[in-house]
K.L.:
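Okay, handing you the structure first.
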Amino acid sequence: MPKRTWMTWMLGLSLVGAVGCGSSSHSGNLLGDDGGKDGGDSDADGSEPDAGHQGGTIPDGGKIDMCDEGGRSFFYVMRVLDIGTNAWVKENVDANAANNVIPGLNLDATDNSVDYVSAGMSPCGKRQDFVYPSATSPAYVGIDNRAAVFLADVSGLANIDVSKIIADAIHSGELLLLVKLNNVDIDVENPEDETYFPEDDACVNLDILIGGVPAETELAFDEGGLLTAGQTFDTKLSSYEAGKPVVQIFGAKIKDGRLRGGTSTKLPVELPTEGSATIDLAIENAKFEFDVNATAISNGVLGGTLNVNTTAQTLATYANIQNAIVKAALAGHADINPNATGTQCQDISIGLVYDGVDAVEGIQQ
């Protein structure tokens with residue numbers, strides 16, 4: 001398989017799988033108020049989160065908060081998608097950023113800011129976390145995104161420009177991810193105002209869909225090479241099952257213009273590659289957030305986990321690399337879910353960044 005194909009689908013899967021773990025057919029336990037700026041708006045007891053925004057734990061219980069019917073829907077296409085790495089920060093945020101500044105979210109409610117090796121901690125507890133967007137005054141601490149380091153190692157060995165791969169895939173229409181935000185509150189004082197978008201909304205639902213370019217249509221881009229707003233995108237039939245979106249997220253919340261949600265559900269996803277083969281990965285324990293209004297999704301970050309054993313086997317098979325090599329590389333960065341003895345983590349954390357613009361919903365194709 002060409003490197004472009006498996007890398008592109010791996011990254012596309014990361015976003016679809018991680019954002020969409022709570023689906024209609026794979027219902028999850030949603031993360032609501034988990035505390036901290038990086039995943040919720042209050043602690044479990046209703047108090048304001050502590051300074052440092054360390055956030056809550058990976059959710060492992062709770063009840064799906066189904067939103068009431070009604071409200072309006074808004075439709076967006078993702079025009080920026082990337083693995084959150086230090087290189088991404090230096091290119092897009094701060095050219096002089098310290099090496100520990102990496103986008104992502106706190107998945108384990110800890111801030112490993114010290115060298116736990118010298119402290120004699122077990123291997124699973126020694127991985128140093130990251131901060132964002134700056135080392136001196138971070139809004140997020142305790143970020144878990146070891147995949148960023150793993151990807152940097154792989155990119156250096158294989159000379160792969162992941163950012164370019166993703167941008168090219170979007171530009172060619174191969175990787176079009178659509179977000180449909182449902183049950184958004186209307187303006188009770190002016191219900192006919194279709195441009196209204198609330199700063200706060202206690203419950204919204206999301207559909208994540210794979211997009212397609214309508215027949216006899218060419219994609220439009222701005223001077224920076226990004227998709228322009230207002231374009232029509234069809235949705236792939238593979239995005240639906242029994243007439244409903246396969247990937248649905250229930251009970252997300254908007255506070256101060258920022259939407260937050262998450263799920264502990266494991267979602268196996270199969271995406272086609274060249275020929276009849278598929279890449280099968282599973283993103284777990286997802287938390288996500290982004291700024292949102294009627295016309296744009298911005299400053300999006302997402303955190304989730306990949307199981308080392310299954311991910312290594314999948315990537316080794318489709319990249320034609322020995323499984324032991326990939327597994328060793330992944331295990332060397334694993335930082336989540338210790339084994340029974342606490343000597344080795346079984347999962348590696350991953351973080352993504354993304355932005356989108358408003359779009360028009362087309363037909364199913």
Side-chain angles (χ1 to χ4, degrees), residues 8 11-12 14-16 18-20 71-84 88-89 91-93 103 133 162-186 193-199 201 204-236 239 245 247-249 252 254-261 288-302 351-365:
T8 298
L11 295 168
S14 296
L15 183 63
V16 175
V19 175
R72 289 197 171 90
S73 296
F74 294 84
F75 195 69
Y76 312 87
V77 60
M78 296 298 99
R79 64 178 192 170
V80 172
L81 169 64
D82 210 345
I83 299 289
W88 182 92
V89 172
E91 181 177 352
N92 296 277
V93 181
V162 176
S163 297
K164 186 176 187 303
I165 289 172
I166 301 172
D168 288 348
I170 294 174
H171 200 276
S172 66
E174 293 178 70
L175 184 57
L176 296 174
L177 298 175
L178 309 173
V179 174
K180 187 175 183 180
L181 190 59
N182 301 307
N183 311 105
V184 179
D185 287 346
I186 63 174
D193 182 7
E194 297 186 359
T195 64
Y196 171 80
F197 196 95
E199 281 286 305
D201 194 323
V204 295
N205 297 325
L206 294 85
D207 301 334
I208 310 297
L209 309 162
I210 300 295
V213 181
E216 301 181 1
T217 299
E218 292 186 4
L219 295 177
F221 300 88
D222 62 20
E223 294 181 355
L226 300 178
L227 290 168
T228 57
Q231 297 185 71
T232 297
F233 294 92
D234 294 340
T235 53
K236 298 288 188 180
S239 298
V247 180
Q248 291 182 292
I249 300 169
I254 302 174
K255 183 177 181 180
D256 297 329
R258 192 158 181 84
L259 183 147
R260 296 180 175 92
F288 63 93
E289 57 179 74
F290 51 82
D291 295 332
V292 63
N293 56 40
T295 60
I297 285 174
S298 58
N299 300 316
V301 289
L302 180 150
L352 298 120
V353 292
Y354 50 94
D355 288 304
V357 290
D358 65 283
V360 178
E361 186 174 8
I363 64 173
Q364 295 182 18
Q365 60 170 246

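Treat the numbers as computed from the prediction; the structure is a model and nothing was measured.
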K.L.:
Please tabulate, for the side chains in residues 356-365, all donor-acceptor contacts under 3.5 angstrom to protein atoms that are two or more places apart in sequence or on a different chain.
P.N.:
from : atom 1 : to   : atom 2 : distance (Å)
E361 : OE1    : K180 : NZ     : 3.1
Q365 : OE1    : K236 : NZ     : 3.1
Q365 : NE2    : D234 : OD2    : 2.9

K.L.:
Does a side-chain heavy-atom distance below 4.5 Å link Y354 with V301?
P.N.:
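The answer is no; the side chains never approach within 4.5 Å.
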K.L.:
Mind running side chain to side chain contact (heavy atoms under 4.5 Å, CB included) on M78 and I297 for me, showing each step along the way?
P.N.:
CA-CA 8 Å; M78 296 298 99; I297 285 174; 3.6 Å; yes
K.L.:
What residues, two or more places apart in sequence or in another chain, satisfy salt bridge (charged side-chain N to carboxylate O under 4.0 Å, His left out) together with D193?
P.N.:
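If we apply the salt bridge (charged side-chain N to carboxylate O under 4.0 Å, His left out) test to D193, skipping adjacent residues, there are no hits.
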K.L.:
Quick one: list whatever passes side chain to side chain contact (heavy atoms under 4.5 Å, CB included) with N92, sequence neighbours left out.
P.N.:
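Applying side chain to side chain contact (heavy atoms under 4.5 Å, CB included) to N92 gives W88.
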K.L.:
Within the 4.5 Å heavy-atom criterion, are F75 and L178 side-chain neighbours or not?
P.N.:
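A side-chain contact exists here, since the closest heavy-atom pair is under 4.5 Å.
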K.L.:
What verdict does the side chain to side chain contact (heavy atoms under 4.5 Å, CB included) test give for L227 and F221, after you've listed the backbone C-alpha separation in whole Å, the side-chain angles of each residue and the deciding distance to 0.1 Å?
P.N.:
CA-CA 4 Å; L227 290 168; F221 300 88; 3.5 Å; yes
K.L.:
Compare all side-chain heavy atoms of P245 with those of I208 and state whether any distance is below 4.5 angstrom.
P.N.:
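No - every pair of side-chain heavy atoms lies 4.5 Å or more apart.
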K.L.:
Taking only residues two or more places apart in sequence or in another chain, which ones pass side chain to side chain contact (heavy atoms under 4.5 Å, CB included) with D201?
P.N.:
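Residues passing side chain to side chain contact (heavy atoms under 4.5 Å, CB included) with D201: V184, D185, P198, V204, I254.
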K.L.:
L209 versus L177: any side-chain heavy-atom pair under 4.5 Å?
P.N.:
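They are not in contact (no side-chain heavy atoms under 4.5 Å apart), so the answer is no.
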K.L.:
Between L352 and D82, does a side chain to side chain contact (heavy atoms under 4.5 Å, CB included) hold up when you go through it step by step?
P.N.:
CA-CA 6 Å; L352 298 120; D82 210 345; over 6 Å; no
K.L.:
Which heavy atom of G84 sits nearest a heavy atom of P103, and at what distance?
P.N.:
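In terms of heavy atoms, the two residues are closest at C-CD, 3.7 Å.
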K.L.:
Quick check: closest heavy atoms across D222 and R79, and the distance to 0.1 Å?
P.N.:
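Nearest pair, atom of D222 first, then R79: OD2-NH1, 3.5 Å.
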K.L.:
List the residues meeting side chain to side chain donor-acceptor pair (under 3.5 Å) with S73, not counting sequence neighbours, and say none if there are none.
P.N.:
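Here the qualifying residues are N182.
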K.L.:
Quick one: side chain to side chain donor-acceptor pair (under 3.5 Å) partners of T235, sequence neighbours excluded?
P.N.:
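With neighbours one apart ignored, the set is Y240.
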K.L.:
Over all heavy atoms of both residues, which pair between R260 and K255 is shortest? Give the atoms and the distance, please.
P.N.:
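Result for this residue pair: NH1-O, 4.3 Å.
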K.L.:
Test of understanding: with ring-ring contact (aromatic ring centres under 6.0 Å, His included), list the residues that count as partners of F197, not counting sequence neighbours.
P.N.:
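If we apply the ring-ring contact (aromatic ring centres under 6.0 Å, His included) test to F197, skipping adjacent residues, the hits are F74.
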K.L.:
Going through the distances and angles, do L259 and F288 end up as a side chain to side chain contact (heavy atoms under 4.5 Å, CB included)?
P.N.:
CA-CA 8 Å; L259 183 147; F288 63 93; 3.5 Å; yes
K.L.:
Under the side chain to side chain contact (heavy atoms under 4.5 Å, CB included) rule, collect the residues that match up with A220, sequence neighbours excluded.
P.N.:
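Testing A220 for side chain to side chain contact (heavy atoms under 4.5 Å, CB included), a comparison that skips the adjacent residues, returns T228, Q231.
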K.L.:
At their closest point, which heavy atom of N299 faces which heavy atom of D355, and how far apart are they?
P.N.:
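Nearest heavy atoms, N299 then D355: N-OD1, 2.7 Å.
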K.L.:
Which heavy atom in Y76 sits nearest to a heavy atom in N293, and how many Å separate them?
P.N.:
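That closest heavy-atom pairing would be OH-O, 2.6 Å.
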K.L.:
Applying ring-ring contact (aromatic ring centres under 6.0 Å, His included), can you list everything that pairs with Y196, at least two apart in sequence or on another chain?
P.N.:
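So Y196 forms no ring-ring contact (aromatic ring centres under 6.0 Å, His included) with any residue.
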K.L.:
Ignoring hydrogens and angles, tell me if any N or O in the side chain of S239 forms a donor-acceptor pair with the backbone of I210 under 3.5 Å.
P.N.:
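Confirmed, S239 side chain pairs with I210 backbone.
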K.L.:
Any idea which heavy atoms bring G261 and A252 closest together, and the distance?
P.N.:
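Closest approach of G261 to A252: CA-CB, 4.4 Å.
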K.L.:
Quick one: list whatever passes side chain to side chain donor-acceptor pair (under 3.5 Å) with T217, sequence neighbours left out.
P.N.:
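For T217, no residue satisfies side chain to side chain donor-acceptor pair (under 3.5 Å) once neighbours in sequence are set aside.
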